[in-house]
Structure formats: structure tokens, C-alpha cells
Amino acid sequence: MVSNQLRRIWLVIFALLVLTACQAFGDSLSNSVPIVCNGRAQAVILIPDNDSCCGYAASELVDHVRLITGATLPIEKLTDKADIQSLKNTWPGKTLIALGVESAKLAGVDVAAPSRVDGFHIEVRPGVVAIVGRDDAVFDANYTWVPGSAGTLYGVYHVLRGWGVRWLDAGELGTDVPHLDTLTLAEQSVTVSPRFPYRFLSYGKDQMQWLRRIGAGGDRDPWSTKHTFEQTIDFYGKYGKTHPEYFTIDAQGHRTHDIALGHPQVVDVITQEAREYFKSNRPPGLQKYFLVIPPDGEYYCYCNICRPQIDRKRGNTGNMSNLLARAVVEVARRLEKEFPDHYIVYCAYSNYKQPPTFLEKLPPNVVVLISQSRHDLYTPQAIEQANEILAGWQKLKPHAIYFCRYYNNTLGTIPQVMGTIISRDLGYLADAGTDLAPVMGEMNFGPADPSIPGGWYNNFNLYVTGIYLWNPNATLSQIIEDYCQHAYGPAAKPMEAFWTRLDALNQDPQQRQIFSADSIEELDRMLQHAIAAAPTKSVYARRLAIVEDGFAPLRAVRSRLLAPGTGNPLQDLAAYPIAHKAVRFSGKASGRAIEPVKVDGAYTVATWIRPARLLEQGAYDLLGGSEKHHFALRIEDGRLYLLHQTRQSGWNGIEMLWSPVLDLRPGNWYHVAASFDPKDGMTLYLDGRVLAMDMSKRRLAAYPITTVGARGIRSFDLCFPGEMAEVRIYLRQLSVSEVRILAQTRP
């Protein structure tokens, strides 16, 4: 038996060891404040009563500390009668973790919240940890419902990251936490704010907690009314029967359901609608922004008032800019004095993306939201064009500029990993012309759901974006290394090579939309090396299984690229051949109608083309359907498109694939082809080379091919300017090798 005296000695030694361990964990070995020691809580969280932001921040801190250590930090809600001495008496020897300005002041730390949106200050002193953020009175974890500054919450996340917590994904396996007995914080005084105050990484509702944790948020949403006169106000339902003159007229002279923004009386109505919206009881971050924007897609009106304002010389990114800008400016000027801190939003999108040409400066209550898919920012030419659009808007000195970015999984089969593009783009936007009009951040339409096709890599893009929206000077290689260490543990090194290689392939113009068979095999080797390194049934193996499932379609792509053909397509009967001769189209309603060819199963379409002029802007159908999206093999803005309408109506019923921008020189012959199969999806070709492949595009066409060189049955439009030869339609999918045969002999 051990004597009582010896037992007391060992207890003293054990206490000293625990204290030493508590002090040793943290950035400073000698000046650290205990939070949890030996699995026991050594701190209490103080929050103001009825403060929703601090309350949510406290719950996040408690939940994660419990995951790390098993200990539960108590929460003390402060009332008006609370005082520091009573707190110390209630919680003797405990570290006080004060969340918010009021709690910090009571705990003896009198610091102001940072002025920047979502900024926070962390002060760690002996016995006290103060996390003081700029917090708005309104708060909801879902920032799309209630945009509001939540600096204290981001301060808590900063502390958790310092303890080794990472939120890698929105799924159940997404959170990585260390398992420790002890947590401390080094004595410090640090202030952090995001570079961009507008950081809407997704509009999905189910993953908001994850998005907050990786940095999404902000105190405003200039996309608050979206496509206002469809999605916020049912403009046609409200005025369609009583005022048909409020709506556009299409090229055939038919009245549509689209609002006619060029009509003076419509501007009167919009002004009143904006006034009512500004007076509503919505949260300030929503209520202060009203978009004057057409319905989604290209926008035209051919009435006598609007037609003269269409500027065809500006192409399909600016031909309607002046008309739309006049409406925006007029509404803004009428409401400027009445609502000086509210804003009319011009969304630079579709065929009104370019700035207007008729004014030198926008009213001070106008903000600009530029729509630009980040997927397009790969080539120097595309980057230059995007930067020119930004510079043009900045010269007009709006109150602020925002961006609408897309990570919308445009290629469901090919992993579009965009770390380098994200890094470069946000670094540029952080410094771009702040003396003219500041760039305040971006929203993103990319889904944040790991269970959907492409989610396994799209969430990686969102993770990286969240970091760069806070710190545009972050180093991508370090982000990838840290991500892989936390996500894959012993398999980190091969996965670091895997993600880095994916990013590099997406910079390669020859492989960005369709990886080569050799590149797919190289990636597969890296992935299998990682799988072999991860312990069976470990969390690392389970995360790798998600990547393995997402990678499987790439193996199918490789098989298709290497598969031999089933026969000589030149021996097959084409449904509509223009055999061994070229047919010239003037580009002015010169298309040809054909007997409708049903393509309601697998099909391949192919033709030789010789453009008569550059096709960098505009849309030109090579093969078309009776209506706009029934069927098209098309060149639009220099890209090759294949699309068909399924039995579902509208945009949601379209299967579509497009290529990178092509360099098609006038006077040269090119062979273009496209195929579809409900098992293998869509594929695009140029001169026998695969341009793009997406095996997720599997829904059947519901409408036939009806035209060559144009679209439509009443009057040809989207006419191709140039010559076409050897137009062939096959009611099966040709293999890659068979398409190469078709491309061997020029007309």
C-alpha cells in the first residue's frame, strides 16, 4: 500500500504535469491560457443574452470543443445585472471566453469591434479570451435569408482552425478534428477582416453551415430580387391583362410575357415597385438592393420604341446595354434623394453585359453586378475581355461593383478543378481600380452538395474560393497541402499530386474540356496509390471512396477514347447527305428546310464547314430545329454547341454541351461533328479531335432536325454564313475512330 504522504506527493506531481501540458499547447510555450485540460473544461463562455450571432458562435465553439476533447464548455448568458466578481465567484479559476463587445467589456477587455464587415478582434490575456466581432443586430446562419455582419462567429472559426479543425466538405465526412485532451490559447492580440465583404459561395439552403465555416457570408446581397420581374414580382400576372403594352414584341411581331424596359410608362411602374420594395420590412442587406433586370437569357424588344436602341455593332454582349442602362439610370435618379442609402442594381449579363455608351458617370445609387463564369477565364484573350468589361464599368464610377460567378459543373464528366484560376482572378479583383469603383466580392451559383455529380471536386473549388475571398494573397500549394493532410492523412502526398495535376490539366487548352487517355491513366495511378496508403475503413479511406466514385466516369471516357469503331461510317446511309459538293449559304435567311429527321435515340451529326467571316460573336446554326432550343449543332460566340430539347420544357429540359473557343479562320474548311447516346452522353469534335465530352448528358431528344444552315420553319434565323458540305445524320453514336475517318478527306 502506498502511504497517504506518498499519494499526496504523486497528486502534486500529476497536477504539475497537467498544468505543464496545458501550457505547452499553443503558439507560445510560456504564455498560454487553458481552455480544456486532461479532458476537463477549464473555461466558461460568456455571451450577451438574446444575441443570436454570439449565441450561434457559442454553440459552434461548444460543439467543436466537445468533438476534439470530449469536454463540454458551459455557457453563461449575461443579464444587465451581471458583474465580473460574481462571475469569478461562480466560475472560480476558469478562463472567461467572452464573445461580443458587451461580454468582453464585462470581462475587462474594452476593445472596439473592427469597422470592416465580418471583421473580428481576438484578445487573449491571463484568465480571459475575448472574441469581439462586428456583428449586426440581425443574424441567421443562412446568409441568403439574412445577410449581416457576423464577425464574432468568424473569430470563433479562426480559433478552431488554429486548433486544427478543418471543414473540408458539406457531407457527413467533411469535418476533420484532432482528438486531444488539452486545448490552450497563446496570449495574443490579433485583428482579422475579409478582403471582400460580399461572399455568397452558394444559394443552396442545406449546406449553409458548411459554407459559413469556410468563410461565406457578408452583410449585403445585391442579387436580392434576382430576375426581379419574374422571381420577385410576377409582372405579367400583375399587368399582363390590363396593360399588354408593358411587354416586349419579338422578331415575328408577337407580344411576349417579358417586361418592356425601354417603355417610359414601364419605367414609371418600376420606380413605384422599387419604392415599395425599399419601404418593406426585409432585412437591410436585402431591402437596400433592387435589380432592374430582364428575364433570364437574351433580351430583345422589336417595338418602335425599343428597336432603334438595339446596337447590333456591339455584338451579343452589348447590343441591349444602352436600352437597359437608360431604364436603370432613370429609376435610380428618381429615387436617389428619397432613398440615399439604397441601390438600384444593373446586372451586366447576357446581351447587356458591356457598359452603356451614352453617359460618362452612373448615379451614385447604382451598383453593378457583373455576370461572368469563372470557367471561361482560362485563355489570355478571355481574361483580357473580362478585365476590359470590368474597367469599362469602373470608368462609369458606380457606387460599387460585384460579381456573379459560376461553378455550375458545366462538364459533368471532366473534373473542373480551378484553384489557379480562383487564385489569379481574386488576386486581380482585390487590386483592380479601387480608386474608381471598389470590387466588393461575388456570389456563386455553384452547388454545395457532395452527393451530386461533380460535387466531389466542386466543393474543393468552393473551399479554395472561401479562403481567397478572405485572403487574396494565400498560396495555393499550401492550401492544397493543408487540405490533403487533413482530408487524407497517410494518403496526403499522392492526393496532393492528384489535386495539383487536376488543376494543371484544367489550365491546358488541349485538355481542359476533355482529358487525354494518358492523363486519365496518370490520375488513376495517383488515386490508386492514395487508396492503398489509407487504412481500410478509416475516415481517410471513406473520403477517398467519394473521390473514387466521382472519378469512375473518367475511366469510361478513357474507354471511349480508345475504343475501336464498329464499322466504316462512310458505308452507312446518311439521312440527309449533301454528297461531294459544297452548298453556299449567304447568312441571310438562306437556310434549307429538310424532311424532319427524328433523333429521339442515339445520333451523330457531322458536316464540313467553311465560314465566310469570323464567328467570334453571334449564334449560327449548322443544323437546327423548328424552335429556338429544339435542336442545334451551332457555333455561338466562337464555340461549337450541341443541344436538344427533351420532353421537359424550358431551360431545365435542355441537354447541352459546348467546346472551348475555336479559332475558325474564314476561307478554311473544318470538319465538325457531334454525337449523343443515352448511355454515353454528348461528344463534340473538330477535325476528328474530341473537343468536349460529357457522359452525364443522357436525356433523349423530343424534337427532330428540320433545317440545314439555319433554324426555324416560319423564317430562317441564326443562319450560317459560309459553305457546308457532306452533311450527315446517323441514327447511332459513331465512335471516336469513326469520326476521325469522316474528317480525313476535305471537300
Trainee: Where is the tightest heavy-atom contact between Pro147 and Arg220, given as atom of each residue plus distance?
Mentor: CB-N, 3.7 Å
Trainee: Run through Leu377, Ile370, Leu201 and flag the one making a side chain to side chain contact (heavy atoms under 4.5 Å, CB included) with Arg405.
Mentor: Leu377
Trainee: Please tell me whether Asn89 and Gln85 have a donor and an acceptor in their side chains that are separated by less than 3.5 angstrom.
Mentor: yes
Trainee: Taking Lys77 for its side chain and Gly55 for its backbone only, find out whether a donor-acceptor pair lies under 3.5 Å.
Mentor: no
Trainee: Of Tyr143, Trp145, Phe200, Tyr289, which is the lone residue that meets side chain to side chain contact (heavy atoms under 4.5 Å, CB included) with Asp221?
Mentor: Phe200
Trainee: Given the side-chain rings of Trp470 and His158, with only the six-membered ring counted for Trp, is the space between their centroids under 6.0 Å?
Mentor: no
Trainee: Can you tell me if Arg161 has over 12 outside heavy atoms packed within less than 6.0 Å of its CZ?
Mentor: yes
Trainee: Show which side-chain atoms of residues 130-138 pair as donor or acceptor with protein atoms under 3.5 Å away, not counting sequence neighbours.
Mentor:
from, atom 1, to, atom 2, distance (Å)
Arg134, NH1, Ser115, O, 2.7
Asp135, OD1, Gly151, N, 3.0
Asp135, OD1, Thr152, N, 2.9
Asp135, OD1, Thr152, OG1, 3.4
Asp135, OD2, Thr152, OG1, 2.6
Asp136, OD2, Ser149, N, 2.9

Trainee: Show your reasoning for whether side chain to side chain donor-acceptor pair (under 3.5 Å) applies to Gln528 and Glu548.
Mentor: CA-CA 9 Å; Gln528 297 311 311; Glu548 170 81 352; 3.3 Å; yes
Trainee: Both conditions, 6.0 Å and 45 degrees, for the charged tip of Arg374 above the ring of Tyr406: are they met here?
Mentor: no
Trainee: Yes or no on side-chain contact (heavy atoms from CB on, under 4.5 Å) for Tyr402 and Glu442, after CA distance, side-chain angles and deciding distance?
Mentor: CA-CA 6 Å; Tyr402 302 86; Glu442 67 185 52; over 6 Å; no
Trainee: Honestly, is Arg199 close enough over Tyr154, meaning NZ or CZ under 6.0 Å from the six-membered ring centre and within 45° of the axis?
Mentor: yes
Trainee: Where the side chain of Ser538 meets the backbone of Pro535, is there a donor-acceptor pair that is under 3.5 Å apart?
Mentor: yes
Trainee: Can you list the residues that meet the ring-ring contact (aromatic ring centres under 6.0 Å, His included) rule with Tyr540, with sequence neighbours excluded?
Mentor: none
Trainee: Is it true that a side-chain atom of Asn506 and a backbone atom of Pro415 form a donor plus acceptor pair closer than 3.5 Å?
Mentor: yes
Trainee: Under 6.0 Å between ring centres, would you say that holds for Tyr157 and Trp167?
Mentor: yes
Trainee: With a cut-off of 6.0 Å (strictly less than), are more than 12 heavy atoms of other residues, nucleotides or ligands near NZ of Lys226?
Mentor: yes
Trainee: Under a 3.5 Å distance rule, please check whether Asp118 uses its side chain to pair with a backbone N or O of Gly218 as donor and acceptor.
Mentor: yes
Trainee: Taking CD in Glu123 as the centre, count heavy atoms belonging to other residues, nucleotides or ligands within less than 6.0 Å. Is the count above 12?
Mentor: yes
Trainee: Closest approach of Leu61 and Leu160, non-hydrogen atoms and distance?
Mentor: CD1-CD2, 4.0 Å
Trainee: Looking only at side chains, do Thr95 and Gln42 share a donor and an acceptor under 3.5 Å apart?
Mentor: no
Trainee: With side-chain contact (heavy atoms from CB on, under 4.5 Å) as the test, would you mind laying out the steps for Phe196 and Val117 before giving the verdict?
Mentor: CA-CA 8 Å; Phe196 297 99; Val117 172; over 6 Å; no
Trainee: Below 30° counts as parallel, above 60° as perpendicular, anything between as tilted: where do the rings of Trp456 and Trp499 land?
Mentor: tilted
Trainee: Without swapping roles, check the side chain of Asp83 against the backbone of Ser86 for a donor-acceptor pair under 3.5 Å.
Mentor: yes
Trainee: Please confirm whether the backbone N or O of Gln416 pairs with a side-chain atom of Asn461, one donor and one acceptor, at under 3.5 Å?
Mentor: yes
Trainee: I'd like to know if the side chain of Asp169 pairs up with that of Asn459 as donor and acceptor (distance under 3.5 Å, no hydrogens or angles considered).
Mentor: yes
Trainee: Please determine if Glu522 and Arg525 form a salt bridge, counting it only when a charged side-chain N lies under 4.0 Å from a carboxylate O.
Mentor: no
Trainee: Would Ser516 and Ser519 count as having a side-chain donor-acceptor pair, cut-off 3.5 Å?
Mentor: yes
